[in-house]
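Worksheet: one structure, shown below.
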Amino acid sequence: MSKLKEKLEKIIPGMRDDIRSLIKEHGDKEISTVNLKQVYGGMRGVRAMVCDTSVVPPDKGLIIRNYPLKDLFEKMPEEIFWLLCTGELPKADELKDLQKEYNEKGGVPGYVWKVLEAMPKDSHPMCMLDTGILAMEGESAFRAGYTKGMRKEDYWVPMLEDCIRILACLPELAAGVYRMRYNKGPRIAPDPNLDWGADYAHMLGLPDPKGDFAKLMRLYLTLHSDHEGGNVSAHTCHCVGSALSDAYYAVSAGLNGLAGPLHGLANQECLKWVIEVMDKFKGAPTKEQLEKFAWDTLNSGKVIPGYGHAVLRITDPRYDAFLAFGKQYCPDDPVFKTVALVFDVVPGVLRQIQKIADPWPNVDAGSGSLLYHYGMKEFEYYTVLFSVSRTMGMASQLIVSRAWGEPIERPKSSTTEWLKEKVGAKEPVRQ
Ligand code: NMX
Ligand code: MLT
């Protein structure tokens with residue numbers, strides 16, 4: 001048995017009892033209210049779901065299982081997945097065991113490549129990645145177990161198995177998408193001697209003489225791993241999983257949400273915006289030129305990608321981490337310097353627009369310039385990197401949800417007519 005499974009087997013009964021008695025003793029107590037604006041406003045701030053893997057306080061940013069992000073910058077993504085699932089960082093032998101499991105359970109099936117090869121050559125890399133994951137659904141241990149009949153208490157076991165299989169395959173699948181979509185030559189085989197992040201960097205095939213790109217990959221995969229439960233990708237994955245759809249269905253659904261420009265796709269949009277500025281001004285712009293460009297973007301009805309957040313009210317600590325990496329490894333890169341200049345200018349512009357709740361950069365504002373520096377110039381691919389990382393958060397949330405037996409998600413919706421009556425904007429209709 002894997003050490004991760006062993007560990008989960010030890011902690012799950014206590015977690016279940018804890019949640020059961022909490023609901024039994026306090027189930028009727030109110031923890032949040034909802035007003036009309038929130039109903040029409042994307043449910044912002046409504047506390048109506050549970051997620052134990054991480055929290056995002058608006059004034060602090062991501063905290064994974066009580067560890068502020070700044071304490072995790074040096075950790076391997078594999079350690080983060082263990083932490084997300086169990087609440088503790090793995091010991092050295094536990095980390096090794098998880099890495100061994102990834103090596104043993106990897107291997108993208110040949111039919112997946114055939115499916116991807118049959119897709120239009122200009123397919124978006126996110127569509128290719130999500131299709132690749134979904135194509136593997138026939139392998140699901142969860143679906144097989146459910147079809148045969150299994151006890152609810154055991155659901156988490158095949159869910160863990162499916163999640164490990166997906167995570168083990170993802171770097172190879174994602175790197176294969178890159179090489180196929182951008183005609184980079186044949187796929188590069190995984191190297192079992194490398195860790196998860198370094199192996200992904202290796203299979204992408206970009207030159208990395210000093211190993212700095214591999215360092216960036218590890219950091220990238222750590223930073224994007226989770227962002228509590230309410231973001232579009234995690235929430236979608238969670239909702240689909242609550243119907244007892246297996247991890248292949250749920251993860252690919254979540255990633256389809258990540259592919260939206262207001263969510264994960266903002267990283268491609270962001271670098272596109274920076275390159276447009278640089279093209280327009282034939283190099284790094286001045287502050288005045290940048291300010292005008294920002295206003296032109298806003299006045300044409302577009303958002304400034306990489307800025308603003310539904311929850312955060314500070315500079316995203318994930319952005320800070322990328323900025324620090326850039327300052328250390330590529331301080332003179334012109335694209336990186338422009339990204340840093342955008343940070344000096346754009347919050348001042350956005351602060352002048354009253355409706356914008358958060359004028360600060362989010363995770364997507366800085367990452368692209370670093371990828372660009374290391375030779376990954378295909379912006380449309382950037383959300384795939386985010387996806388490989390976010391799958392850790394979504395997978396851990398699926399495992400935890402099945403472990404404590406979370407029911408199917410089914411909130412109550414209302415019609416506008418009902419809401420009008422409820423708030424007294426209209427006389428009740430006599431039936
Ligand atoms: N540029 C222009 N307008 C903005 C921006 C921005 N960066 N951020 C917010 N607004 C607008 C927003 O569109 C909304 O306008 P309207 O009422 O006309 O629809 C208004 O300001 C109020 O929005 P907020 O309450 O500040 O933000 P909300 O919680 O609704 O949305 C985001 C959050 C992240 C969707 C929004 O800030 C945004 O569109 N940012 C740019 C896209 C982006 O960077 N997304 C990535 C988020 C992180 N991620 O990886 O997922
Ligand atoms: C995320 O990482 O999911 C984004 O910052 C969006 C969010 O938290 O809503």
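Quick caveat: nothing in here was measured; it's all calculated off a predicted structure. Note that ligands are numbered from 1 as they come in the structure, with each ligand's atoms numbered from 1 the same way.
Remark: distances from the non-hydrogen atoms of Arg318 to ligand 2 include one below 4.0 Å.
Looking only at heavy atoms of the protein, atom 8 (O) of ligand 2 is closest to His227 ND1, 2.7 Å. Scanning all protein heavy atoms for the shortest distance to atom 6 (C) of ligand 2 gives His309 NE2, 3.5 Å. For atom 9 (O) of ligand 2, the closest heavy atom belonging to the protein is Asn231 CB, 3.5 Å.
The distance criterion of under 3.5 Å between nitrogen or oxygen atoms is met by Ile304 with respect to ligand 1. By the 3.5 Å distance cut-off applied to N or O atoms, Ser233 is not counted among the residues near ligand 2.
In this structure, the side chain of Lys121 engages the main chain of Glu117 through a donor-acceptor pair within 3.5 Å.
Nearest-residue assignment for atom 42 (C) of ligand 1 (options Ala365, Pro261, Gly301; heavy-atom criterion): Pro261.
Ring geometry for Tyr146 versus Phe142: interplanar angle under 30°, hence parallel rather than tilted (30 to 60°).
Under 4.0 Å from ligand 1, heavy atoms of Ala357 appear from its side chain as well as its backbone. Looking at Val232 against ligand 1, nothing comes within 4.0 Å, counting heavy atoms.
Under the 3.5 Å distance criterion, with hydrogens and angles disregarded, no donor-acceptor pair is assigned to the side chains of Tyr319 and Ser367.
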